[in-house]
Amino acid sequence: MKAIRINEKDNVAVAIEALKSGETVNIGGKSITLTTAVPAGHKFSITDIKKDGAVIKYGYPIGCATDFLPTGIHIHSSELRSGLGEILEYEYNPEFSEPTRKKSGSFMGYRRENGKVGIRNEVWIIPTVGCVNAVACSAERAAQKFKTDKIDGIYAYNHPYGCSQLGDDQNATLDFLCGLIRHPNAGGVLVIGLGCENGNIGELKKRLGDYDENRVRFLVCQDEADELSAATEELKELCDYASLAEREVCSSSELVIGLKCGGSDGFSGITANPLLGSLTDRITAEGGSAILTEVPEMFGAETILINRCRTRGIFEKTVALINDFKRYFIRYGERIDENPSPGNKAGGITTLAEKSLGCIQKGGSAIIEDVLRYGEPFSKHGLSLLQAPGNDLVASGALVASGAQLVLFTTGRGTPFGCPVPTVKISSNTPLFEKKKNWIDFNAGELLNGTEMSELTDRFYKYVIAVASGEIHAKSEALDKRSLAIFKDGVTL
């Protein structure tokens, strides 16, 4: 197979391999002779498309033709323009069916005192403000002597914020940090503050609510004569406590997966993202949970999500999620369709609608049960949408703050980054998997070679369960994951 038409409504097909001008390919029983070369992952017309006519991929318009496009021509940036609007009105036309519930599987996790389940048993050091990052890093180094074989790691998570912020901007930082403090992958947490910052420990505690004093400790550096010695003593006790934790059998209904893509290419929406969608459907059918974010990469595909909202109230929250993010772009004088990235374009993605239609496939066909603001913890089993941008580090961190125990990250270009939880990389194509074995954990490119989706989903499900149980570590866990990227939208004093 040299090319694929994704949906029977499509008037373009995607090249599975690099195709030459003059080459003939068969699409749905029709022979198409190419009039231009087409790189792998890029699209070409399989019928004549008139000027200003819709270019259809995934069964939906991805933009308009800039000129008449004859059959067999490579379609990319000069042949296609975005058709996205700005603030839109939507109607609620529910279009979903209840999934067939599946018997829950199980994994080996850590059940915390509050009943939440983690998949790692780490000790985290969280600064309230960038001013104490150096103290946090020194404390991390000093605490390594307390690590036991029951502790997966001791990590300081640095960031530049926590002071000189105002209003909603500061509130978002506090909510994000509270999400990390609550996270069940941490068997012990030391929160280090300076003392004079406006996002100080006192303000943080107002948002944090109840917490286990054995698991969470606080230190104000300005109150200590020797803050490093004080932090080291607190970390010794936290390590002692964390070392008491044991893995136990937990239902797959307690899994919370974060869904993310980055460095996407023309195959992402054909292989890796649909694979995540298939896994999402399975996990949510077993009573588990998934969180989908990257709101700007919903633009152009939002009506599909909107019609999968369980209730009108969730529909209204989804509309607000989309339009509020568009207003964020407009407020700063930016075009809402200023996407995809250069890497996306090199991989064959031309417009934001095209990128979005591939991106949202990570959510499968699951019913949308909730919409979360940035830093808000998930509370409903099933699929939730989360307010966050498309930026890899910011979005992945947001997934963690909302409770994702691991992040499943699809990519067609590759990336080494990791966030505070295991970040499993899934390649959209086999050449990337073969080239970057130190980055990529699982290959969805097998779907292009004839592997059935059901077979690959079964294998991927078992892989995710093994990662959750600690039997396998994601490649990202061997790399540095110590920096946090917090979403900032506001004045710095």
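Please read these numbers as outputs of a predicted model, since none were measured by experiment. No hydrogens, no waters, no symmetry mates; every other heavy atom, side chains included, goes into these values.
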>> One pair to check against side chain to side chain contact (heavy atoms under 4.5 Å, CB included): K425 and T415. What are the steps and the verdict?
In response: CA-CA 8 Å; K425 307 290 174 47; T415 177; 4.2 Å; yes
So does [Y] get a backbone contact from the side chain of [X], meaning a donor-acceptor N/O pair under 3.5 Å?
X    : Y    : result
K326 : E86  : yes
H159 : I126 : no
S106 : C250 : no
S278 : P274 : no
N133 : N158 : no
N11  : A54  : yes
K103 : G105 : no
D281 : S365 : yes
T351 : I62  : yes
S469 : A466 : no

Would the number of heavy atoms belonging to other residues, nucleotides or ligands and lying under 6.0 Å from [atom1] of [X] be above 12?
X    : atom1 : value
Y60  : OH    : no
K317 : NZ    : yes
D52  : CG    : yes
K437 : NZ    : yes

salt_bridge([X], [Y]) N-O dist < 4.0 Å:
X    : Y    : value
D489 : R331 : yes
K43  : E79  : no
K116 : E254 : no
K57  : E354 : yes

>> For a side chain to side chain contact (heavy atoms under 4.5 Å, CB included) check, start with the C-alpha distance between K475 and D441, then their side-chain angles and the critical distance, and finish with the verdict.
In response: CA-CA 6 Å; K475 301 289 177 65; D441 299 277; 3.1 Å; yes
> Do Y92 and E316 pass the side chain to side chain donor-acceptor pair (under 3.5 Å) test, and can you show the C-alpha distance, the side-chain angles, and the key distance before you say yes or no?
Replying inline: CA-CA 9 Å; Y92 182 41; E316 291 171 352; over 6 Å; no
> Do you know which of H74, H76, K20 makes side chain to side chain contact (heavy atoms under 4.5 Å, CB included) with T36?
Replying inline: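 The side chain to side chain contact (heavy atoms under 4.5 Å, CB included) with T36 is passed solely by H74 among H74, H76, K20.
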Least distance between heavy atoms, [X] atom then [Y] atom:
X    : Y    : value
V491 : D169 : O-OD2, 4.1 Å
V464 : L279 : CG2-CD2, 4.0 Å
A353 : P61  : CB-O, 4.1 Å
R120 : A468 : NH1-O, 4.0 Å
S379 : D370 : OG-OD2, 3.8 Å
I4   : I270 : CG2-CD1, 4.0 Å

> Which is it for S45 and T71 under the side chain to side chain donor-acceptor pair (under 3.5 Å) test, yes or no, and what are the steps along the way?
Replying inline: CA-CA 5 Å; S45 56; T71 301; 5.3 Å; no
Side-chain contact, heavy-atom cut-off 4.5 Å: [X] with [Y]?
X    : Y    : result
P389 : E294 : no
Q405 : L255 : yes
Y90  : I322 : yes
F442 : F433 : no
L432 : W439 : no
L352 : L84  : yes
L385 : I368 : yes
S21  : L34  : no

>> Quick check: F417 with F409 (ring centres under 6.0 Å apart)?
In response: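 Between F417 and F409, which both carry aromatic rings, the centre distance is below 6.0 Å.
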>> If you take the centroid of each ring, where Trp contributes its six-membered ring, are F487 and Y161 closer together than 6.0 Å?
In response: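 Not under 6.0 Å, so no.
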>> Is the positively charged end of R282 above the ring of Y461, judged by distance under 6.0 angstrom from the centroid and angle within 45° of the axis?
In response: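 So R282 does make the cation-pi contact.
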> side chain to side chain contact (heavy atoms under 4.5 Å, CB included) between E434 and N443: does it pass, once the steps are laid out?
Replying inline: CA-CA 9 Å; E434 295 293 342; N443 180 25; 5.7 Å; no
Out of curiosity, [X] [atom1] to [Y] [atom2], how far, rounded to the nearest 0.5 Å?
X    : Y    : atom1 : atom2 : answer
E477 : I472 : CD    : CD1   : 11.0 Å
L448 : S428 : CG    : OG    : 8.0 Å
I330 : R335 : CD1   : CZ    : 12.5 Å
T318 : R308 : OG1   : CZ    : 10.5 Å
S268 : R413 : OG    : CZ    : 10.0 Å
D67  : S78  : CG    : OG    : 10.0 Å

> Under 30°, 30 to 60°, or over 60°: which ring-plane class applies to Y328 and Y332, parallel, tilted or perpendicular?
Replying inline: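 Rings of Y328 and Y332: perpendicular, over 60°.
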>> Angle between ring planes, F176 versus Y374, binned at 30° and 60°: parallel, tilted or perpendicular?
In response: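 Plane angle under 30°, so parallel.
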> After noting the C-alpha distance and the side-chain angles of S356 and E297, does the key distance pass the side chain to side chain donor-acceptor pair (under 3.5 Å) rule?
Replying inline: CA-CA 5 Å; S356 296; E297 293 170 28; over 6 Å; no
> Between T24 and T33, does any side-chain donor sit less than 3.5 Å from a side-chain acceptor?
Replying inline: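 Indeed, the side chains of T24 and T33 share at least one donor-acceptor pair under 3.5 Å.
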>> With no hydrogens and no angle check, just 3.5 Å: does a side-chain donor-acceptor pair link Q165 and T173?
In response: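 Yes, because at least one side-chain N or O of Q165 sits under 3.5 Å from a partner of the opposite role on T173.
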> Would V421 and I119 satisfy side chain to side chain contact (heavy atoms under 4.5 Å, CB included), going step by step from the backbone distance to the final call?
Replying inline: CA-CA 9 Å; V421 302; I119 67 168; over 6 Å; no
> Should K355 and N344 be marked as a side chain to side chain donor-acceptor pair (under 3.5 Å) after you check the CA-CA gap, both sets of side-chain angles, and the distance that decides it?
Replying inline: CA-CA 8 Å; K355 187 176 182 179; N344 296 151; 2.6 Å; yes
> Between R310 and E369, is a salt bridge (Lys or Arg N to Asp or Glu O under 4.0 Å) present by the stated rule, with each step listed?
Replying inline: CA-CA 6 Å; R310 179 172 290 282; E369 306 287 357; 2.7 Å; yes
